[in-house]
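Let me begin by presenting the structure, written as structure tokens, before commenting on it.
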2 protein chains.
Amino acid sequence: MATASRALNGGDRVVTDELRTRVLQAARQLRYVPNAHAQALANRTRATVGLIMHDVSDPYFAAITRGAMEVASAHGALVMLGSTFRSPHREIEYVSTFRAQRAQAILVVGSGFDDAEYLEAMRAELGIHQDAGGRYAFVSHHDLPGDAVLPDNAVGGAAVARALLELGHRRFAVASGPSSLTTVEHRVGGFVDAVEEAGLPRSAVRVVEREFSEDGGYDAARDLVREGLSATALFCASDVMALGALAALREEGVSVPGDLSLMGFDDIPVMRHLAPPTSTVSLDLAGMGRAAMRLVLDVPQDGVVEESGAGGPRRLRFPAEVVLRESTTAPTRR
Amino acid sequence: MATASRALNGGDRVVTDELRTRVLQAARQLRYVPNAHAQALANRTRATVGLIMHDVSDPYFAAITRGAMEVASAHGALVMLGSTFRSPHREIEYVSTFRAQRAQAILVVGSGFDDAEYLEAMRAELGIHQDAGGRYAFVSHHDLPGDAVLPDNAVGGAAVARALLELGHRRFAVASGPSSLTTVEHRVGGFVDAVEEAGLPRSAVRVVEREFSEDGGYDAARDLVREGLSATALFCASDVMALGALAALREEGVSVPGDLSLMGFDDIPVMRHLAPPTSTVSLDLAGMGRAAMRLVLDVPQDGVVEESGAGGPRRLRFPAEVVLRESTTAPTRR
DNA sequence: CACTCGTGGGAAAGCGCTTTCCGGAAAGCG
DNA sequence: CGCTTTCCGGAAAGCGCTTTCCCACGAGTG
């Protein structure tokens, strides 16, 4: 047994060539695959990372997951998937499950919830995980302490505002998700602040809060139109919301960009294929996924700027850049 | 130890109320989470399923994964993710990895490769997995024996042909993926057969084979246009290819549907948002994911027709229905 | 009242590995 | 040539659980 183990895993000591080849041959012949659980038990660890997110079928998360999978695959790490479908309860449950699996690392992707009880429970679970030698990191914001990969949401929101102001827009609508989601808060906050900084009154921005989803975008746009739209530009807190908004606008007979300029946020792959190709804020989503996986796997980053407090949590910032397409033009007076 | 185990897991025997509450309380206080590996080792199994696919960020796989995750989550099954990025080698490696994890079930999503060596290796790996008591199933076709969830690809392809014929089209182009992918073969085969059945010559269909991806669709459409398009309708083997094709057509100045009608396959969520909203063949992708997960988890299906040979592998068929949108019209003579 | 029987707590074995520890053989040294 | 040291194969312990097996105890029975 001992010799076989050493022959298969290399490890601490030398095995004579003859014995090693015999062992390897026997293993191949028997199609032997070591029991990963027994190994994990004996080693007290395993290259496994748990990935927690809202929903893989959301293109935003899918792109991040793709990047994470690339790095995981390259380093032989096993990825366990947890879809929370936006339930804080499920999120905590998954951390606990991954803790039970003695996952080497846990990656929490997405926005986090602004709820004291949830935050406390999450902090506790992650704390135990860390005390047991586990790593964890957040992607795309979270209110908890820890390593994180962060898009420049506030900067991006502000850039959207400036881009629209430059085009000549002066009255804005915002299709926002719940402000309890930190991502949403930063994007919309950045936007509103930039508008005010330009000397416009707060009332120049009409914000409606709906679900942070395609349906939410649809509802927001429809309701804005029906209440009699005075804005000339609509900023959606995410591309997925913009997708829904675009559908609603089409149904309501509002032409984009003729009647209303439209911008999203994230630059998910389909935006450039829409009618019209839609302006947005580009984020290197796959790159964020890769960076996050590298962070928890403790392998060096390549070319990502790190903004770490000495000894404090590591933070990787990803720039958010406005991409103007055909959905935005100068406002035409109606 | 024994009593604690029984108190926590219920199981084989009764523990007095008083002792049970004491155990549970202690567990809560210590934030105890049982070591899943030790449990797996002692139980020789665990509710874990491995999900193998090309790439989660492809909307087709993302939608299937979403459905699978819903069911897994509802049944407390842990999902491990394997992205092959279309490498047969990686696919086999993942089966082996999941076998090492003693996964209860393995779900292989996607097309499979038409390669003898690969098929043999895959069959062997899955065979051992099954001999060890594991289950497996395929989603969306595969040439290997076993339970499967299958979309009606050939029927869908034929339906596309009939729909286009009915609109008056007589000359067709097909943007196909590699014919070694069974999914592609069935879709394109169904299409071609239906055209011939309508009494048209084989030469009425011009098929070009490119990568089964957005880039492949782009290349196919661009090359078709540049060689001087005589077709009035273009059928793409998948929506993702249609996305690329649409981009190429736009760049080449070919108007859809004015100069060319366009159809895809899969009905991924964005198709209805494109310019123009694009006709396709709708498949209940999330439903397929759910059905597949139910299949391997051995829980009853709801409302899915099963077409099982007695004792043979179980096959769940999913209908493919043509959805006509604005990208298809009657041909206008140029 | 002696005996059987059901009940439930705890000791111990075992799941399949890794790693320490032990010991015999070969090699090195004076 | 006798001793120590190095080398490497194999026995055994231990990872953290579940489950079987044993046993003490109290209740029921003739």
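Letters A, B, ... mirror the listed sequences (proteins, then strands); counts begin at 1. Quantities reported herein were computed from a predicted structural model and do not represent experimental measurements. Note: hydrogens, waters and symmetry copies are ignored here, and every other heavy atom, side chains too, is used.
Under the side-chain hydrogen bond (donor to acceptor under 3.5 Å, both in side chains) criterion, the residue pairs touching residues 62-81 of chain A are R66(A)-E70(A), R66(A)-D55(B), E70(A)-R290(A), S73(A)-R90(B), with sequence neighbours excluded.
In this structure, S83(A) has no side chain to side chain donor-acceptor pair (under 3.5 Å) partners at least two apart in sequence or on a different chain.
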Expected rows: protein N/O vs nucleotides 21-27 of chain C N/O, under 3.5 Å:
residue : atom : partner : partner atom : Å
dC21(C) : N4   : R13(A)  : NH1          : 3.1

Could you go over nucleotides 25-28 of chain D and give all protein N or O partners under 3.5 Å, atom names and distances?
none

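Note: CG (L41(A)) to C1' (dG14(C)) measures 12 Å, nearest angstrom. In this structure, the CE atom of M1(A) is 12 Å from the C1' atom of dC15(C), given to the nearest Å. Look at CG on L8(B): it is 16 Å from P on dG16(D), rounded to the nearest Å.
Among dT19(C), dT18(D), dG16(C), the nucleotide with an atom closest to any side-chain atom of Q39(B) is dT18(D). Ranking dC15(D), dT18(D), dG10(C) by closeness to the A42(A) side chain, first place goes to dC15(D).
Near DNA chain C, meaning a heavy atom under 4.0 Å away, the residues from residues 15-25 of chain B are V15(B), T16(B), L19(B).
Taking a pair as Watson-Crick or G-U wobble with both distances under 3.5 Å, DNA chain C forms stems of 3 or more consecutive pairs at C:1-30 with D:1-30.
Each of N35(B) and T3(A) lies near DNA chain D, and the nucleotide nearest T3(A) is the one positioned closer to the 5' end.
Between dT18(C) and N9(A), a contact under 4.0 Å exists linking OP1 or OP2 to a side-chain N or O.
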